[in-house]
Amino acid sequence: LETSAPKEYLISQNKVEFSIKKEDHAYNSDGKLLVDKVVQTRLQNYLKPTVSKTRVTEDSTDIGKTVTWKIKSTIPKNIADYKNYVVTDILDSRLTYKGNILVKVDGTVLNPALYELVEPTEKDNKLSLTFVSATFPNKGGLKDSHSLEITYDSIVNETAIPGIAI
């Protein structure tokens, strides 16, 4: 298994069997590279998906008003190899989830049957969308796609303090 990769790349969990014998060394006793002994591999590391969250509505919002959020993510090129692909957002305690969730893949609305939505509750402020799992082996409609966009609404609740950013 791969144990490290540059920070912008994902670590592969695929096992690759190999062995090295003394006669396989690509350097001679003087430290000179023996080009004909160099073994080429066909392994590929993939970039980590980028994820960003922005507030769509105006910066200043009163208690009881709706705030719309947008989460954008790139979809990994090797999504077909994923066993799990979940997007999670933790709502600030000063916000109450309202819903109106909309999921787009490459700008087209994704059928809700292709992902599992777990909405925040009073006890757990976690919004979770599962696109790839044992339940969704078809990769949630993400295969051969590039971008994912999730928008949803929340309400500024009574625990918010006017003038303090959320």
message = Between Asn78 (side chain only) and Asp81 (backbone N and O only), is there a donor and an acceptor less than 3.5 Å apart?
response = no
ask   = Any luck finding a side-chain donor-acceptor pair between Thr54 and Trp69 under 3.5 Å?
value = no
query = To the nearest 0.5 Å, what is the distance between OG (Ser145) and NZ (Lys104)?
reply = 14.5 Å
query = Any link between Ile155 and Val67 through a network of hydrophobic side chains (Ile, Leu, Val, Met, Phe, Trp, Tyr) touching at under 4.5 Å?
reply = no
ask   = side chain to side chain contact (heavy atoms under 4.5 Å, CB included) between Leu110 and Phe131: does it pass, once the steps are laid out?
value = CA-CA 11 Å; Leu110 185 64; Phe131 296 94; 3.8 Å; yes
inquiry  = Run the side chain to side chain contact (heavy atoms under 4.5 Å, CB included) test on Thr57 and Arg55 for me, step by step, so that the C-alpha distance in whole Å, both residues' side-chain angles and the decisive distance to 0.1 Å come before the verdict.
reply    = CA-CA 6 Å; Thr57 50; Arg55 183 178 176 151; 3.8 Å; yes
request  = Please check if Leu117 and Ile75 belong to a single hydrophobic cluster, counting links between Ile, Leu, Val, Met, Phe, Trp and Tyr side chain heavy atoms closer than 4.5 Å.
outcome  = yes
Tyr85/Thr130 under side chain to side chain contact (heavy atoms under 4.5 Å, CB included): CA gap, chis, key distance, verdict = CA-CA 6 Å; Tyr85 189 72; Thr130 301; over 6 Å; no
ask   = Looking at OG of Ser52 and CD1 of Ile71, how far apart are the two atoms once the value is rounded to the nearest 0.5 Å?
value = 9.0 Å
Closest approach of Tyr97 to Ile101 (non-hydrogen atoms, all atoms of both residues) = OH-CB, 3.9 Å
query = Any side-chain heavy atom of Val103 within less than 4.5 Å of one from Tyr115?
reply = yes
Rounded distance [0.5 Å steps], CG in Asn157 versus CD1 in Ile63 = 8.0 Å
request  = First locate atom OG1 of Thr96, then atom CD of Glu122, and finally report the distance between them rounded to the nearest 0.5 Å.
outcome  = 8.0 Å
key: Closest non-hydrogen atom pair, Leu129 against Leu127   = CD1-CG, 4.1 Å
Minimum heavy-atom distance between Val86 and Ser128, given as atom pair plus value = CG1-OG, 3.4 Å
inquiry  = Any donor-acceptor pair under 3.5 Å linking the side-chain atoms of Thr88 with those of Lys126?
reply    = no
task = Determine yes or no for a side-chain-to-main-chain donor-acceptor pair under 3.5 angstrom, with Asp106 supplying the side chain and Ser147 the backbone.
result = yes
ask   = Which value, rounded to the nearest 0.5 Å, describes the distance between Lys65 atom NZ and Asp153 atom CG?
value = 13.5 Å
message = Do Val87 and Val51 make a side-chain contact, defined as non-hydrogen atoms from C-beta onward lying under 4.5 Å apart?
response = no
query = Are Ile166 and Leu95 side-chain neighbours, meaning at least one heavy-atom pair lies under 4.5 Å?
reply = yes
NZ/NE/NH1/NH2 to OD/OE distance under 4.0 Å, Lys53 and Asp89 = yes
key: Pairing of Asp92 and Arg94 as salt bridge, 4.0 angstrom limit   = yes
task = Count the heavy atoms of every other residue, nucleotide or ligand shown that sit under 6.0 Å from NZ of Lys77, and state whether that count exceeds 12.
result = no
ask   = Backbone N or O of Ser73 within a donor-acceptor pair of the Thr50 side chain at under 3.5 Å?
value = no
inquiry  = Just verifying a value: how many Å separate Leu91 CG and Asp124 CG, rounded to the nearest 0.5 Å?
reply    = 10.0 Å
